[in-house]
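Please read the structure below before turning to the comments.
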Amino acid sequence: MKKTILYIALAAVTAGFVSCDLDKYPETSYSEHNAPDSGEGETAVSNREQLKAQLDAMYEFMKDGMQTYWYQMMTYADARTDNAYGGNMGEAKVVAVESNHIDSDNEFPLTFWNGSMNAVDKANQVICNIDKIKETDPSLTEQEYKEWRSEALCLRAYIWMNMMQLFGDIPMVTAIPPAITSDNIEEVYPLYFPKRVEKSLIGEQIVKDIEEFACLNAPNPDPANKFRFNKGFANGLMARYYAMKEFRNWEKVKTFCETVEGMNFKLCDSFGDLWAYDADKKTVSLNTPESIFEVNWGTNPETGAWIYMMFHRNAFNKMANWEWAKWCTPSRNLIAAYDKLGDKERKNLSIVFDKCTWSFHYPADNYAFMHKLPTNLSPVYLMRLADIKLLHAEALANLGDASGAATFVDQIRKRAKVAAVSDDLRSNAQLMREVVLEERRLELAFEGHRWFDLIRYGEDLTKLFEVSDGVNINGSASFDSYFQPRKQMDAQHVILPIPTSVLDVNSNLTQNQGY
């Protein structure tokens with residue numbers, strides 16, 4: 001009977017997830033990665049070399065295993081707001097994101113849930129083994145212990161923060177469970193499928209992991225390698241954490257931003273430097289002074305990423321994967337926002353027009369495309385200095401320091417070659433909050449920020465997109481008749497549904513209200 005249960009359970013689990021790299025679970029060769037903090041897990045990691053292999057595997061997973069996560073996050077953050085149309089009208093899952101009709105069978109929630117749980121598992125392979133290795137293998141140095149643990153904690157906290165904003169309460173996975181066998185399934189199987197916990201408990205763990213450990217012990221920023229979690233990212237992560245509504249503390253946001261700004265980062269001289277490439281030499285700009293953390297694919301165009309194909313062409317091979325409609329089509333509303341500010345620099349880098357064979361949102365001979373992944377070697381920025389400076393400005397505006405906020409906005413605008421903040425705005429903190437929000441929109445478009453900025457902004461959900469009876473309000477700030485008619489936003493639908501396939505295998509989870 002136990003073997004029958006084991007077979008059925010594992011068949012259900014493995015149908016929807018990616019298998020582990022190592023044979024850590026000898027009879028199952030698989031973990032759904034949902035283990036609560038109890039007991040000692042079984043693992044093949046027993047020395048420094050194997051631990052380092054797990055750390056390397058964590059970064060490799062971010063490159064190869066999370067590309068779908070990255071491109072869907074970029075699309076979600078902009079197409080669910082006012083920055084972009086979903087794009088390919090032939091794909092129902094994308095149309096549902098744009099029109100706010102996401103259900104529990106939509107691919108986006110499934111990607112975000114599974115990608116998150118797998119990423120946490122990769123981080124936990126380091127976190128849950130490193131203390132044991134420190135005690136048993138003297139070749140692991142104290143510096144390596146502090147830095148490697150910090151790096152894994154940074155990924156886990158980053159994922160948890162995204163996941164909370166996407167799904168609300170989530171499971172808090174902090175340990176590797178014992179292997180499931182036919183003898184222990186009744187006792188161990190429930191450990192793989194925990195209940196969700198309140199955000200406050202996740203928050204306490206993030207403070208312990210990042211503020212109290214990684215901010216102090218992560219590697220110093222390496223100008224030659226921005227694809228490594230570092231003190232800048234850890235402190236920037238805490239600035240984002242304290243900007244979230246649930247954990248709001250603008251003084252701490254200010255302090256953590258100041259810490260990052262005091263490190264060895266600086267704005268690139270030109271906005272375009274962040275995505276610069278040479279089509280003839282097939283080279284791109286990586287590890288810029290502004291980058292705090294980026295996912296990059298190295299310098300070999302033969303082994304680069306495929307994520308570019310979701311948005312536009314690969315400048316190194318322009319006809320590759322060009323036969324189907326792309327996602328995250330820039331909206332006219334966003335183009336108008338650039339034009340209103342006279343912002344040609346950022347507009348012309350972020351959006352390009354090209355000929356294609358589809359005409360869902362623009363004429364086929366002059367179609368708009370998101371252009372922040374112009375090649376298969378272009379990096380995905382998870383954090384850069386402009387983001388931190390504008391988050392600092394947001395904190396100052398909310399603390400009543402409109403002039404201080406304007407100073408940071410002006411630094412970003414100067415590079416974009418647009419006018420400084422006007423005098424009347426520099427003395428009005430409430431209006432400066434709006435200015436900062438709009439500046440983040442223009443500076444960080446298509447980098448996965450807009451949705452999170454808006455849900456952080458306040459209780460007024462109409463800023464996500466203003467609707468009346470499911471249709472954009474003509475004359476409103478976000479009006480764009482080319483958007484799909486959108487289902488009225490409410491507090492329940494700000495978060496996503498738990499995927500059906502996840503609920504099917506984990507009876508300890510319940511669906512979010514409204515789905």
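Being a predicted model, the structure only gives us computed values, none of them experimental.
Atom CG of L373 and atom CG of N314 lie 10.5 Å apart (nearest 0.5 Å). Atoms NZ and CE, from K326 and M370 in turn, are 12.0 Å apart once rounded to the nearest 0.5 Å. For the atom pair OH of Y308 and CH2 of W297, the computed distance is 12.5 Å after rounding to the nearest 0.5 Å.
Taking a 6.0 Å sphere around CD of E198, one finds it holds 12 or fewer heavy atoms contributed by other residues, nucleotides or ligands. The environment of N321 atom CG is dense: over 12 non-hydrogen atoms of other residues, nucleotides or ligands sit within 6.0 angstrom. For NZ of K417, the number of neighbouring non-hydrogen atoms (other residues, nucleotides, ligands) closer than 6.0 Å is greater than 12. The number of heavy-atom neighbours closer than 6.0 Å to CG of N348, taken from other residues, nucleotides and ligands shown, is above 12. Dense packing is recorded around CD of E246, with more than 12 heavy atoms of other residues, nucleotides or ligands lying under 6.0 Å away.
The shortest non-hydrogen separation linking A84 to C328 is CB-SG, 3.9 Å. Between I202 and M172, the shortest heavy-atom distance links the atoms CD1-CB, 3.3 Å. Nearest approach of A218 to K231, heavy atoms of both residues: O-NZ, 2.5 Å. Of all heavy-atom pairs spanning P219 and E151, the tightest one is CG-OE2, 3.7 Å. Here the closest non-hydrogen pair linking P109 and P497 is CB-O, 3.6 Å. When all heavy atoms are compared, the tightest approach of R384 to K372 is NH2-NZ, 4.2 Å.
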*I would like to know whether Y76 and F112 meet ring-ring contact (aromatic ring centres under 6.0 Å, His included); could you show each step before the answer?*
CA-CA 10 Å; Y76 179 88; F112 296 150; 5.5 Å; yes
_side chain to side chain contact (heavy atoms under 4.5 Å, CB included), that's the test. Do I498 and R196 meet it? Break it down for me._
CA-CA 11 Å; I498 307 301; R196 294 190 281 180; 3.5 Å; yes
*Would you sort out whether L390 and E443 count as a side chain to side chain contact (heavy atoms under 4.5 Å, CB included), showing the intermediate values?*
CA-CA 9 Å; L390 290 175; E443 175 72 20; 4.0 Å; yes
*asked:* If you apply the rule side-chain hydrogen bond (donor to acceptor under 3.5 Å, both in side chains), what do you find for H312 with D354, and how did you get there?
replied: CA-CA 9 Å; H312 190 221; D354 198 352; 3.0 Å; yes
*From CA spacing to verdict: ring-ring contact (aromatic ring centres under 6.0 Å, His included), W327, F108*: CA-CA 13 Å; W327 290 19; F108 278 76; 5.7 Å; yes
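If you look at H392 and F256, their ring centroids are not closer than 6.0 Å. Aromatic rings of Y158 and F293 (six-membered ring for Trp) have centroids beyond the 6.0 Å cut-off, not under it. Centroid-to-centroid, the aromatic rings of F483 and Y85 come within less than 6.0 Å. The six-membered or imidazole ring of Y381 lies near that of W275, with a centre-to-centre distance under 6.0 Å.
The aromatic rings of Y367 and F369 are tilted relative to each other, their planes meeting at an angle between 30° and 60°. Relative orientation of the Y145 and F213 rings is perpendicular, given thresholds of 30° and 60° on the angle between their planes.
Residues V207 and Y241 are in side-chain contact: their nearest non-hydrogen atoms beyond the backbone lie under 4.5 Å apart.
In this structure, R486 contributes its side chain and E98 its backbone to a donor-acceptor pair below 3.5 Å. Side-chain N or O atoms of Q165 include one that pairs as donor or acceptor with a backbone N or O of M161 at under 3.5 Å. In this structure a side-chain-to-backbone donor-acceptor pair under 3.5 Å is missing from N512 to I495. With hydrogens and angles disregarded, no donor-acceptor distance shorter than 3.5 Å links the side chain of K199 to the backbone of G168. At least one donor-acceptor pair under 3.5 Å links the side chain of D410 to the backbone N or O of V421. Of the possible polar contacts, none joining the Y59 side chain to the R228 backbone as a donor-acceptor pair under 3.5 Å is found. Under a 3.5 Å cut-off, the side chain of Q67 and the backbone N or O of W306 do form a donor-acceptor pair. In this structure, the side chain of N83 does not engage the main chain of T81 through any donor-acceptor pair within 3.5 Å. Within the 3.5 Å criterion, the main-chain N or O of D82 finds a donor-acceptor partner in the side chain of R441. D480 contributes a side-chain N or O that, together with a main-chain N or O of N333, makes up a donor-acceptor pair within less than 3.5 Å.
S422 and D424 form a side-chain donor-acceptor contact under 3.5 Å, judged by distance and modelled atom types alone. Between the side chains of Y69 and N162, a donor-acceptor pair is found at a separation under 3.5 Å.
Classification of E290 and K389 as a salt-bridged pair fails, no side-chain N sitting under 4.0 Å from a carboxylate O. Here D453 does not pair with R450 in a salt bridge; the nearest charged N to carboxylate O distance is not below 4.0 Å. Ionic pairing of D401 and K254 is not present here: no N-O contact between side-chain nitrogen and carboxylate oxygen is shorter than 4.0 angstrom. Between K347 and D339 there is a salt bridge, since at least one side-chain N of the basic residue sits less than 4.0 Å from a carboxylate O of the acidic one.
Cation-pi geometry between K146 and W148 is not met: the NZ or CZ atom fails to fall both under 6.0 Å from the ring centre and inside 45° of the normal. Judged by the 6.0 Å and 45° rule, R332 forms a cation-pi pair with Y362.
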